[in-house]
Every structure is written in C-alpha cells, then in structure tokens.
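Chain letters run A, B, ... following the sequence lines, proteins first, then strands; residues in each count from 1. Values reported hereafter were calculated over all heavy atoms of this structure, with side chains retained and with hydrogens, waters and symmetry mates removed.
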Amino acid sequence: MHYWLMKSEPDAFSIDDLARVKTEPWSGVRNYQARNIMRDGMQVGDGVLFYHSSCAEPGVVGIAEVASSAYPDPTQFERKSPYFDATSTREEPRWMLVDVAFKRKLARTITLTELKQQSRLEDFALLRRGTRLSVMPVSKAHWNVILALE
DNA sequence: GCCAACGTTGGC
DNA sequence: GCCAACGTTGGC
C-alpha cells in the first residue's frame with residue numbers, strides 16, 4: 001500500500017466533482033515523471049490525497065484511492081481534445097493514466113499554508129521549491145501527519 | 001549535445 | 001496578472 005498526492009484545479013475538476021462521478025480516469029497528465037509514477041508506482045487500493053491547486057484556498061480537500069492499474073490515456077488519440085498528441089500511437093501509447101475513486105471529502109480544507117507550518121513536512125515534495133508535479137508520492141509518515149491536521 | 005526561447009505550473 | 005521555476009523544443 002502506497003500513498004500519493006494528486007493535484008486538480010477545482011475549476012476544472014474538484015473533489016465535489018469526484019464525489020459525484022465516483023470514479024474518474026485521470027486524463028491529461030503530460031509530464032513524463034508524473035506518467036512514470038502512475039505507470040510504475042501506483043497500484044489498486046493505494047491512498048490518494050486530493051489537492052486543489054490554482055485556486056483561492058490551495059490545499060488537501062479529500063481522500064481518494066487508485067482504482068485501476070495504468071492504461072493508455074484515451075485523450076491522446078482524440079483529435080479534438082486539448083490533450084491530443086499527434087506523436088503518440090495506439091501501438092506505443094505515450095501517455096498513461098489510472099482511474100481515481102472517491103473515498104471521502106475532508107471535514108475541512110487542510111491548506112497549503114498550514115502544511116508549510118508543519119516542521120515534520122519539511123521534506124515533503126509538495127513543499128519543496130520548484131516541485132510542480134501534479135502527481136507525487138507521499139510517505140506513510142507524511143500521510144499521517146497531514147490527516148492528523150483534519 | 002548545448003543552450004536560448006518558449007510554454008506551463010501554480011502560488012501570491 | 002505577475003513571476004519564479006522548471007520542462008520542452010529546435011537550431012546549430
């Protein structure tokens with residue numbers, strides 16, 4: 001069992017959206033490191049911190065879980081999609097995704113500001129300068145520290 | 001293989 | 001909207 005954090009802009013797809021649809025294919029990731037994490041790291045049942053970014057109150061807003069192993073992101077083949085990638089083929093798909101399933105919404109948002117105040121989260125990737133990955137690993141210790149704030 | 005230019009992310 | 005940081009692209 002491993003733990004992860006996945007960012008989403010709430011204007012595009014929020015924790016409430018995930019609660020409504022229950023399971024969502026995490027399409028649109030076009031960063032090799034993030035792809036590798038989904039493809040090689042994630043396993044069904046892993047825990048996911050759902051994080052709202054680029055919004056009024058950035059922070060962890062809910063818990064989800066990995067609901068599939070990695071498979072090709074269909075949007076890379078859709079000509080009209082903003083995620084279309086003409087250099088990818090069905091024989092050798094470049095971009096992968098996993099399904100993410102809703103578990104629960106937190107009682108309140110654990111804000112980025114709060115996370116920064118935790119000395120025990122000093123080496124958490126989210127808080128390190130220049131880390132812009134939309135998908136990143138979370139250690140069990142960090143997972144526990146973060147959720148204890150709720 | 002270098003590196004400048006450009007695009008994207010994401011907090012503020 | 002600004003800007004720092006980083007990734008990608010493409011000319012050479």
Heavy-atom pair with the smallest gap, counting every atom of A:Val100 and A:Leu18: O-CD1, 3.6 Å
By side chain to side chain donor-acceptor pair (under 3.5 Å) - contacts of A:Arg30 (at least two apart): A:Asp73, A:Thr75
Closest non-hydrogen atom pair, A:Pro93 against A:Ser88: CA-OG, 3.5 Å
Counterpart residues, side chain to side chain donor-acceptor pair (under 3.5 Å), relative to A:Thr23 (two or more places apart): none
Neighbours of DNA chain B within residues 24-36 of chain A, by heavy-atom distance under 4.0 Å: none
Residues 37-49 of chain A side chain polar contacts: donor-acceptor under 3.5 Å, at least two apart:
unit_1	atom_1	unit_2	atom_2	d
A:Arg39	NH2	A:Asn36	OD1	3.3
A:Asp46	OD1	A:His2	N	3.0
A:Asp46	OD2	A:Trp4	NE1	2.9
A:Asp46	OD2	A:Gln43	N	2.9

Annotated protein contacts, base or backbone, on nucleotides 3-8 of chain B with a non-hydrogen cut-off under 4.0 Å, one of B, S, - each: -----B
Side-chain heavy-atom pair A:Leu149, A:Gln118 within 4.5 angstrom cut-off: yes
Residues forming a side chain to side chain donor-acceptor pair (under 3.5 Å) with A:Ser119, sequence neighbours excluded: none
Members of residues 75-100 of chain A that approach DNA chain C, where some heavy atom sits under 4.0 Å away: none
Reported CD-to-CG distance for the pair A:Glu57 and A:Leu112, which is rounded to 0.5 angstrom: 10.5 Å
Atom of A:Leu115, atom of A:Leu127 and distance for their closest heavy-atom approach: O-CD1, 3.6 Å
Selection residues 45-100 of chain A - residue pairs positive for ring-ring contact (aromatic ring centres under 6.0 Å, His included), sequence neighbours left out: A:Trp26-A:Phe50, A:Tyr32-A:Trp95, A:Phe50-A:His52
More than 12 heavy atoms of other groups within 6.0 Å of A:Arg108 CZ: yes
Pairwise side chain to side chain donor-acceptor pair (under 3.5 Å) hits with a residue in residues 9-18 of chain A, at least two apart: A:Ser14-A:Asp17, A:Asp16-A:Lys105, A:Asp17-A:Arg20
Whole-Å gap separating P (B:dG10) and CD (A:Glu9): 7 Å
Neighbours of DNA chain B within residues 49-63 of chain A, by heavy-atom distance under 4.0 Å: A:Tyr51, A:Ser53, A:Ser54, A:Pro58
Shortest non-hydrogen separation from A:Ala34 to A:Val29 and the atoms involved: CB-CG1, 3.5 Å
Pairs flagged by ring-ring contact (aromatic ring centres under 6.0 Å, His included) wherever residues 101-140 of chain A is involved - sequence neighbours left out: A:Phe124-A:His142
Single-linkage hydrophobic cluster A:Met136~A:Met96, side-chain heavy atoms < 4.5 angstrom: no
Sugar-phosphate only, base, or nothing, as touched by A:Leu133 at under 4.0 Å among non-hydrogen atoms: sugar-phosphate
N/O (side chain, A:Lys7) to phosphate O (OP1/OP2, B:dT9) under 4.0 Å: no
Selection: residues 108-124 of chain A, any non-hydrogen atom under 4.0 Å of DNA chain C: none
